[in-house]
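Read through the structure below, which is laid out as structure tokens, and then see the notes.
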Number of protein chains: 2
Amino acid sequence: MRLEDRKPFHASNVQSLTVLVQREVERRILTGELPAGERLSESALAADMGVSRGPVREAMRGLQQAGLVEIVANKGVVVRKIGYDEAVDLYDLRGSLFGFMCETMARRRTDAQCAVLRDKLGAMADAIRADDKDRYYRLNIEFHAAIVEFCGNSRARTVYEGIVKEMHLFRRRGLSRIENMEASMREHEAIAEAIVAGRAEDAREAGITHLRNGRDRFLATLDPAPESLAAAGRDRALRRTATAE
Amino acid sequence: MRLEDRKPFHASNVQSLTVLVQREVERRILTGELPAGERLSESALAADMGVSRGPVREAMRGLQQAGLVEIVANKGVVVRKIGYDEAVDLYDLRGSLFGFMCETMARRRTDAQCAVLRDKLGAMADAIRADDKDRYYRLNIEFHAAIVEFCGNSRARTVYEGIVKEMHLFRRRGLSRIENMEASMREHEAIAEAIVAGRAEDAREAGITHLRNGRDRFLATLDPAPESLAAAGRDRALRRTATAE
DNA sequence: AAGCTGTAAACTGTCAACAGTTGTCAATCC
DNA sequence: GGATTGACAACTGTTGACAGTTTACAGCTT
């Protein structure tokens, strides 16, 4: 499939090859088609996609800034590898940002936005009753996306979405499973309730709590959870040595 | 001055032209040498720095991802222009991040790090006694930088520093002035105290408060402060029309 | 046999040239 | 007179080629 064939034609869809290449490589990384640690050859990518090396190089530069690849001078570019501690840091940062966005949306919410949140919640409750985990997972993503969008802080949104992408670099399994739908649902309800009521501080805490629980649920599924996770005030150098992988 | 002459030679300093160009253009943007809204010509930049257009294009791609420039297909690159509302959003986001970093440092702090904070505070008190605003300003930056570094979350640091850079795109004056050193000092003391004591939640709130106050002090100096700032729950579209500039 | 050295292949960094697009401006038509 | 069209200039998008570096491997030395 040629890159240009993806979307129906429209003037605004005519992008530079750089953008197309960047999007495609990003997709391959996020789907795991290009696993973390993989070394990327410019010429190989260029040949594979039928373009010259220029656009590929530019795309790599963009992906580097986005944190998805690392570029070493005269050696090449590799898909970033994320260790256990770094993943925990990303989870925490993401949680803090999500809390901020919940708080911000609570301050700026409109009735229409609140209605959207309520709709999503209703659909999620339906999914639970039908025991449809896949549908619940999709709605879960939509619920989060709605808050991210409605918070209205576009820079926060960019940063948040970048971090979510980056987190895909850490392991791959488990990311699309929600074991305890009921617990997840209760947390969503708490978030939505606080936002709708305009209780900004409560919304922030509910958002952070939700992601912290999600983090713990996910990390608990990992092989031998390094004890460093629980220990507070732990030394940085020490943690580095305990890096997963 | 040639780009290569900046630093003493070391193997790790041998960077690609792309990196050198990106750094140089970033410097010109942050110093205001290239004002917001300025249109950048690849050929002109390339000629000016004595390189070809390739590295310049790659550097532009990096600066775009960093939020410092905007690239429009087939039209060119312009230094990003930030309006009033966007600046307020950036301040809020930065505050939230700084709070997160204070909180995180409070959890992970070491004695050596606490000693550094105390040293900075002492030096700042000296600067106040000497009524040396410039010195206080430098130390203020160092104090913030220390927290950013000691929080240990490297991704948070990257994001935070990127946002600080981006904020330079909004106006330029006033950014390097601190009117009320005593008030600023008290806030710093509150942050440091909470961190040293390990009171993470207090540290977070002190950090957020500090930046919120800084934001208000700065925004208050702007010409006709749009009333939108004070109004909570304000409509997004309306705010957009009130954009400064 | 283990380690070192030199050579060659492969790849990255950079450049200059070509192709395609956008914007300008003057001439033309209604 | 105003709007439209066409050509020209300037610039961006892309390409292929060349130079310098890294890496792997074969051959040599100890």
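Order of the sequence lines sets the chain letters (A, B, ...), proteins ahead of strands, with each chain counted from 1.
- At distances below 3.5 Å, at least one donor-acceptor pair connects side-chain atoms of A/Arg39 with backbone N or O atoms of A/Lys75.
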Show your working on side-chain contact (heavy atoms from CB on, under 4.5 Å) between B/Met60 and B/Leu40 and close with a plain yes or no. CA-CA 9 Å; B/Met60 292 301 119; B/Leu40 302 183; 4.2 Å; yes

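- Every side chain to side chain contact (heavy atoms under 4.5 Å, CB included) that A/Val164 has, sequence neighbours left out, goes to A/Arg94, A/Tyr160, A/His168.
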Mind listing the side-chain donor-acceptor pairs of residues 144-151 of chain A below 3.5 Å, one per line with the distance, residues two or more places apart or on another chain?
unit_1: A/His144; atom_1: NE2; unit_2: A/Asn140; atom_2: OD1; d: 3.4
unit_1: A/His144; atom_1: NE2; unit_2: A/His188; atom_2: NE2; d: 3.4
unit_1: A/His144; atom_1: NE2; unit_2: A/His210; atom_2: NE2; d: 3.2

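- In this structure, B/Lys165 and B/Ile29 have side chains that are not in contact, with every pair of non-hydrogen atoms separated by 4.5 Å or more.
- Under the salt bridge (charged side-chain N to carboxylate O under 4.0 Å, His left out) criterion, A/Glu58 pairs with B/Arg57, B/Arg61, sequence neighbours left out.
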Nucleotides 5-16 of chain D: protein proximity per nucleotide (B base, S sugar-phosphate only, - neither; heavy atom, under 4.0 Å): -------BBBB-

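- The side-chain heavy atoms of B/Arg80 and B/Ile82, taken from C-beta on, include a pair separated by under 4.5 Å.
- None of B/Leu17, B/Leu63, B/Val56 except one satisfies the side-chain contact (heavy atoms from CB on, under 4.5 Å) rule with B/Gln22; the exception is B/Leu63.
- Just one residue in the list B/Leu30, B/Thr31, B/Val25 forms a side-chain contact (heavy atoms from CB on, under 4.5 Å) with B/Arg27, and that residue is B/Thr31.
- Rounding to the nearest 0.5 Å places CD1 of B/Ile163 at 5.0 Å from CG of B/Leu97.
- Bracketed by its first and final contacts, the part of DNA chain C lying under 4.0 Å from non-hydrogen atoms of chain A reaches from C/dT12 to C/dT14 in 5' to 3' order.
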Under a 3.5 Å cutoff on both atom distances, Watson-Crick or G-U, what's the dot-bracket for DNA chain C ([ ] crossing, | other strand)? ||||||||||||||||||||||||||||||

